Visitor: 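I'd like to ask some things about the structure below.
This one's a predicted model, so the numbers in the text were calculated from it and none came from an experiment.
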Amino acid sequence: MRIQDLEIPGNLKQRYIQAGISELYPPQAECVEKGILAGKNTLVAIPTASGKTLIAEMAMHNAINKGGKCLYIVPLKALAHEKFEEFNNKGVKTGIATGDFDRRDDLLGRNDIIVATSEKVDSLLRNNARWIPDITLLVVDEVHLLDSQGRGPTLEMVIAKMRYRNPSMQVIGLSATIGNPETLAGWFNA
């Protein structure tokens with residue numbers, strides 16, 4: 001499947017082509033065929049370095065192009081900074097939230113893509129950040145951490161609360177190491 005033929009915003013398409021990305025890998029193409037760019041909930045369980053972030057980025061730009069707002073959840077501050085840098089300066093406003101757990105961070109709502117740790121999203125939910133209802137696409141990177149004894153319960157609660165508050169929101173889970181994809185896909189209605 002060629003990048004040129006995808007229904008993604010033209011500026012993003014040109015950035016990919018200029019970066020030498022002309023075709024999707026087979027697992028990426030399968031995600032497109034199954035509706036990830038059309039707003040379908042999707043669990044992307046493919047190996048490391050096979051392009052999970054690219055698929056999520058295309059879906060986020062499509063959501064933004066339709067007037068939506070995206071929340072990209074990561075487990076670690078360092079990964080949040082990495083993803084912020086990756087998504088920034090591509091024609092959409094990108095924000096990051098990783099600390100100060102007792103704030104609403106209403107200014108974050110001015111962004112199209114908000115990258116945050118699961119603990120920060122937990123705080124934003126508890127403090128009733130005004131922009132949470134505007135989220136139309138939730139991306140959960142390293143979704144296999146739902147099974148983690150330390151981070152799993154917070155991540156599960158954050159996903160459940162976001163889905164409850166935004167029932168029409170698209171959910172995309174990304175993982176290279178998930179052991180039970182069918183069960184998780186069922187929970188995501190993916």
Side-chain angles (χ1 to χ4, degrees), residues 1-74 83-84 86-88 90-95 109 111-116 121 131-144 146 155 158-176 178 180-190:
M1 186 175 291
R2 296 178 340 144
I3 293 289
Q4 188 63 40
D5 299 332
L6 295 175
E7 292 191 30
I8 58 174
N11 63 332
L12 187 65
K13 192 181 293 191
Q14 289 308 314
R15 284 182 183 272
Y16 290 156
I17 292 169
Q18 288 171 353
I21 303 169
S22 60
E23 284 193 55
L24 296 179
Y25 294 132
Q28 293 171 317
E30 184 178 352
C31 290
V32 171
E33 290 164 1
K34 295 207 176 196
I36 198 167
L37 299 181
K40 302 253 186 208
N41 291 348
T42 309
L43 176 61
V44 182
I46 56 179
T48 300
S50 57
K52 292 180 291 294
T53 301
L54 182 94
I55 287 292
E57 184 176 59
M58 289 190 301
M60 289 190 295
H61 278 257
N62 271 6
I64 294 162
N65 207 37
K66 295 174 184 169
K69 185 178 296 297
C70 307
L71 180 58
Y72 192 99
I73 298 177
V74 296
K83 295 303 177 183
F84 171 78
E86 191 170 343
F87 300 144
N88 202 21
K90 291 187 178 174
V92 297
K93 295 178 192 169
T94 307
N111 294 292
D112 301 308
I113 298 173
I114 297 135
V115 180
V121 176
W131 51 266
I132 291 288
D134 300 332
I135 299 297
T136 60
L137 171 56
L138 174 67
V139 179
V140 184
D141 203 346
E142 307 292 346
V143 71
H144 59 272
L146 278 166
L155 181 58
V158 162
I159 295 168
K161 278 187 175 182
M162 286 296 301
R163 292 180 71 206
Y164 178 77
R165 289 188 183 185
N166 304 37
S168 62
M169 171 185 72
Q170 179 184 11
V171 180
I172 298 173
L174 307 175
S175 178
I178 193 155
N180 58 344
E182 295 83 12
T183 302
L184 187 53
W187 185 52
F188 277 5
N189 192 27

Visitor: Once you round to the nearest 0.5 Å, how far does SG of Cys31 lie from NZ of Lys40?
Guide: 14.0 Å
Visitor: Would the distance check show the side chain of Asp141 and the main-chain N or O of Ile73 forming a donor-acceptor pair, the cut-off being under 3.5 Å?
Guide: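 Checking the backbone N and O of Ile73 against the side chain of Asp141, no donor-acceptor pair under 3.5 Å is found.
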Visitor: Between Ala59 and Ile172, what is the shortest heavy-atom contact and its length?
Guide: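 That would be CB-CD1, 3.6 Å.
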Visitor: Is it the case that the side chain of Asp134 and the backbone of Gly109 share a donor-acceptor pair, with hydrogens and angles ignored and the cut-off at 3.5 Å?
Guide: no
Visitor: For the residue pair Phe87 and Thr94, what are the closest heavy atoms and their distance?
Guide: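 It is O-OG1, 3.6 Å.
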Visitor: Report the distance from atom OG of Ser22 to atom CG of Asp5, rounding to the nearest 0.5 Å.
Guide: 11.0 Å
Visitor: Can you check side-chain contact (heavy atoms from CB on, under 4.5 Å) on Ile178 and Leu146, steps first, answer last?
Guide: CA-CA 10 Å; Ile178 193 155; Leu146 278 166; over 6 Å; no
Visitor: Applying side-chain contact (heavy atoms from CB on, under 4.5 Å), name anything that partners Ile17, two or more places apart in sequence or on another chain.
Guide: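 Ile17 satisfies side-chain contact (heavy atoms from CB on, under 4.5 Å) with Ile3, Gln4, Lys13, Gln14 once adjacent residues are dropped.
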Visitor: For Lys161, what residues pass the salt bridge (charged side-chain N to carboxylate O under 4.0 Å, His left out) criterion, not counting sequence neighbours?
Guide: none
Visitor: Once side-chain contact (heavy atoms from CB on, under 4.5 Å) is applied, do any residues pair with Lys93, and if so which ones, sequence neighbours excluded?
Guide: Asn111, Asp112
Visitor: So which of Thr136, Asn41, Ile135, Leu71 actually passes side-chain contact (heavy atoms from CB on, under 4.5 Å) with Met169?
Guide: Ile135
Visitor: As an exercise, state the distance from OG of Ser175 to CG of Leu43, rounded to the nearest 0.5 Å.
Guide: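 The distance works out to 7.5 Å.
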Visitor: How long is the span from the OH atom in Tyr72 to the CG atom in Leu137, to the nearest 0.5 Å?
Guide: 10.5 Å
Visitor: Between CZ of Phe188 and CD of Gln170, what distance do you get to the nearest 0.5 Å?
Guide: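 It comes to 11.5 Å.
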Visitor: Test of understanding: with side-chain contact (heavy atoms from CB on, under 4.5 Å), list the residues that count as partners of Glu23, not counting sequence neighbours.
Guide: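 Counting only residues at least two positions away or on another chain, Glu23 forms a side-chain contact (heavy atoms from CB on, under 4.5 Å) with Arg2.
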Visitor: Given Leu6 and Val32, is the side-chain contact (heavy atoms from CB on, under 4.5 Å) satisfied, shown in steps?
Guide: CA-CA 9 Å; Leu6 295 175; Val32 171; 4.1 Å; yes
Visitor: Is it the case that the side chains of Thr53 and Lys83 hold a donor-acceptor pair, with the cut-off being a distance below 3.5 Å and no angle test?
Guide: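 There is such a pair (donor and acceptor under 3.5 Å, judged by atom type) between the side chains of Lys83 and Thr53.
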Visitor: Can you name the side-chain contact (heavy atoms from CB on, under 4.5 Å) partners of Asn65, sequence neighbours left out?
Guide: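 Result, side-chain contact (heavy atoms from CB on, under 4.5 Å) vs Asn65: Pro9.
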Visitor: Quick one: does any side-chain atom of Gln28 pair with a main-chain N or O of Gly51 as donor and acceptor, under 3.5 Å?
Guide: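 Yes, the answer is positive, given that a donor and an acceptor are paired below the 3.5 Å cut-off.
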Visitor: CD1 of Ile55 to OG1 of Thr42: how many Å apart, nearest 0.5 Å?
Guide: 9.0 Å
Visitor: Sort and list the pairs that fulfil salt bridge (charged side-chain N to carboxylate O under 4.0 Å, His left out) and have at least one residue in residues 57-74, not counting sequence neighbours.
Guide: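 Applying salt bridge (charged side-chain N to carboxylate O under 4.0 Å, His left out) to every pair that reaches into residues 57-74, excluding sequence neighbours, yields Glu57-Lys90.
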